[in-house]
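Just so we're on the same page: letters track the sequence lines, and every chain starts at 1.
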Amino acid sequence: MPELPEVETIANGVNARVQGDRIVEAWFGSHKEPFKTSPAKQAKGLEGRVFQSVHRTGKHIVCELGETLAGPATSQWIVHLGMTGRLLVTTPDAELAPHTHTRLRLQSGKEIRFVDPRRFGRLELRDLQRGAAFAAAGAEPLTVTRGEFAVLFRRRKLAIKAALLNQSLLSGVGNIYADESLFRAGVRPRRQAGRLTRAELDRLHVALQQVLRHAIQLGGSSVSDYVDAEGVRGFFQLEHYVYSRENQPCRQCGTPIRKIIVAGRGTHYCPGCQR
DNA sequence: ACAGGCTCCTGCAGGC
DNA sequence: TGCCTGCAGGAGCCTG
């Protein structure tokens with residue numbers, strides 16, 4: 001499932017391939033996809049626009065669009081991949097994957113395709129002349145400072161795992177990197193967020209940023225069907241210490257990794273290493 | 001205000 | 001072999 005490192009990898013890949021390219025035609029094949037903006041409005045706003053840049057905000061891919069490459073951005077196309085969403089840059093003759101909901105034909109001949117079997121993804125178009133630019137609700141995990149990080153969890157009664165997943169606190173952390181950073185910080189996922197010591201919060205802050213940066217370097221984690229903009233898998237799944245390793249020995253102490261449910265999510269931790 | 005649970009959706013694994 | 005059930009989870013929504 002795409003989280004911050006996967007979304008960053010995809011956004012960078014798409015940016016490298018489409019920057020400066022113009023959308024010639026927008027096609028929406030499904031009207032059941034939960035669009036935040038209707039397909040008709042999106043098509044009207046997308047056609048003729050130029051991709052100025054593509055970047056990541058939280059778990060969202062934000063495409064800055066303008067009349068020309070250099071001018072001011074006039075709109076944003078915002079893609080949220082949900083669990084199984086993929087944003088691919090292909091040649092027009094590339095085989096059409098099942099559940100392809102959107103195709104953007106570009107002047108260069110390339111095509112951008114949005115594929116999403118489970119339909120948890122969201123597509124939105126923002127007109128910057130009429131409304132505000134997209135902004136994440138929570139703090140940016142890669143740049144949040146140690147002090148800001150600690151404040152996020154102050155007096156919070158929910159489990160630290162649930163707090164990490166709360167996008168209005170931190171934008172971009174999902175199930176894999178929540179589990180992996182808690183392991184590296186030596187903190188049990190069910191601990192009450194507001195009861196973590198400052199030392200534990202500092203360790204978690206360092207662990208989270210290290211895990212996310214390392215995963216970005218490796219192109220993200222490929223579990224289920226994640227691929228980047230070119231259809232290439234990532235390698236961070238090979239570095240997982242706990243995620244999806246139930247009953248397997250901990251890589252640090254040998255204790256079998258335990259799987260529990262926290263905040264309705266499968267949660268993996270080492271009873272030996274995490275307190 | 002906050003926390004927890006339900007729901008959407010499809011593919012796949014496991015059990016009988 | 002084939003069917004059925006349950007599980008995977010991001011995030012919006014509802015409830016207590």
Side-chain angles (χ1 to χ4, degrees), chain A residues 1-11 28-37 56-62 78-87 96-102 114-124 134-141 151-182 189-196 208 212 215 220-227 233-234 236-237 240 242-248 257-269:
Chain A
M1 55 296 316
E3 303 179 29
L4 188 152
E6 294 76 30
V7 176
E8 175 111 357
T9 302
I10 293 165
F28 291 82
S30 163
H31 291 262
K32 276 170 68 188
E33 184 79 18
F35 297 105
K36 284 194 154 186
T37 313
R56 174 197 64 78
T57 299
K59 290 180 198 170
H60 298 258
I61 299 166
V62 181
I78 299 140
V79 178
H80 191 289
L81 299 171
M83 266 195 68
T84 54
R86 284 150 54 186
L87 195 66
L96 206 62
H99 309 291
T100 300
H101 303 297
T102 304
F114 176 66
V115 181
D116 185 14
R118 233 168 281 186
R119 295 172 185 268
F120 281 15
R122 297 283 186 281
L123 300 178
E124 178 184 4
F134 178 80
E140 164 58 43
V151 168
L152 294 176
F153 306 107
R154 195 175 283 168
R155 286 187 288 275
R156 298 268 170 188
K157 286 183 181 157
L158 76 175
I160 185 63
K161 163 76 184 262
L164 287 171
L165 294 179
N166 185 334
Q167 299 299 297
S168 58
L169 296 179
L170 282 168
S171 293
V173 182
N175 210 33
I176 296 174
Y177 299 102
D179 283 4
E180 291 298 322
S181 56
L182 284 169
R190 278 214 178 107
R191 292 274 305 282
Q192 225 177 64
R195 294 205 165 186
L196 265 63
L208 178 63
L212 293 173
S221 298
S222 278
V223 300
S224 79
D225 51 3
Y226 164 75
V227 289
R233 293 166 63 81
F236 190 71
Q237 68 279 9
H240 292 175
V242 286
Y243 185 80
S244 202
R245 297 197 65 242
E246 186 184 8
N247 296 329
Q248 294 178 49
I257 299 302
R258 198 168 290 170
K259 182 179 179 186
I260 58 175
I261 303 293
V262 181
R265 299 283 167 259
T267 298
H268 313 75
Y269 74 99

Next on the checklist: What's the closest nucleotide to the side chain of A:Arg156 if the choices are C:dA11, B:dC2, C:dA8?
Outcome noted: B:dC2

Next on the checklist: Whether A:Lys59 contacts C:dA11 is assessed here as follows: a side-chain N or O lying under 4.0 Å from the phosphate OP1 or OP2. Is that the case?
Outcome noted: yes

Checklist entry - Nearest to the side chain of A:His80, which nucleotide is it out of B:dT10, B:dA3, C:dA11? => result C:dA11

Item to check | Reported OG1-to-CD distance for the pair A:Thr57 and A:Glu8, which is rounded to 0.5 angstrom | outcome: 9.5 Å

Checklist outcome for this item: The nucleotide from B:dT10, B:dA3, C:dA11 with an atom nearest the side chain of A:Arg119 is B:dT10

Next on the checklist: Is A:Arg122 close enough to C:dA11 that one of its side-chain N or O atoms is under 4.0 Å from OP1 or OP2 there?
Outcome noted: no

Item to check | Nearest-Å distance for atom pair NZ/C1', residues A:Lys157 and B:dG4 | outcome: 14 Å

Item to check | Contact summary for A:Ile176 and A:His240, nearest pair of heavy atoms | outcome: CG2-NE2, 3.5 Å

Item to check | OP1 or OP2 of C:dA8 under 4.0 Å from side-chain N/O of A:Lys259 | outcome: yes

Item to check | Close approaches to DNA chain C from residues 164-175 of chain A, in residue order (heavy atom, under 4.0 Å) | outcome: A:Gln167, A:Asn175

Item to check | Atom pair distance, as rounded to whole Å: CG in A:Asn247 and P in B:dG14 | outcome: 13 Å

Checklist entry - Is there a side-chain contact (heavy atoms from CB on, under 4.5 Å) between A:Leu123 and A:Phe114 once you walk through the steps? => result CA-CA 9 Å; A:Leu123 300 178; A:Phe114 176 66; 3.8 Å; yes

Checklist entry - Where the side chain of A:Arg265 is concerned, which of B:dA3, C:dG10, B:dG11 is the nearest nucleotide? => result C:dG10

Checklist entry - In whole Å, what is the span from the CD atom of A:Glu6 to the P atom of C:dG10? => result 11 Å

Checklist entry - Knowing that exactly one of A:Leu208, A:Thr267, A:Ile160 qualifies, which makes a side-chain contact (heavy atoms from CB on, under 4.5 Å) with A:Leu182? => result A:Ile160

Item to check | Interatomic distance, A:Ile261 CD1 vs C:dC7 P [rounded to whole Å] | outcome: 8 Å

Checklist entry - Under the criterion side chain to side chain donor-acceptor pair (under 3.5 Å), which of A:Lys161, A:Arg265, A:His268 is the partner of A:Asn175? => result A:Lys161

Next on the checklist: Rounding to 10°, can you tell me the angle the first-five-pair axis of the helix from B:dC2-C:dG16 to B:dC16-C:dG2 makes with its last-five-pair axis?
Outcome noted: 50°

Checklist entry - Which whole-number value in Å describes the distance from A:Asp116 CG to C:dA8 P? => result 19 Å

Checklist entry - Rounded to the nearest 0.5 Å, how far apart are CZ of A:Arg156 and CG of A:Asn166? => result 7.0 Å

Checklist outcome for this item: Here the distance between atom C1' of C:dG10 and atom CZ of A:Arg86, to the nearest Å, is 18 Å

Item to check | Distance, rounded to the nearest Å, where A:Gln192 contributes CD and B:dG4 contributes P | outcome: 9 Å

Next on the checklist: Under a 4.0 Å threshold between the charged nitrogen and the carboxylate oxygen, would A:Arg56 count as salt-bridged to A:Glu140?
Outcome noted: yes

Checklist entry - Would you say A:His99 reaches B:dC9's phosphate, i.e. side-chain N/O to OP1/OP2 under 4.0 Å? => result no

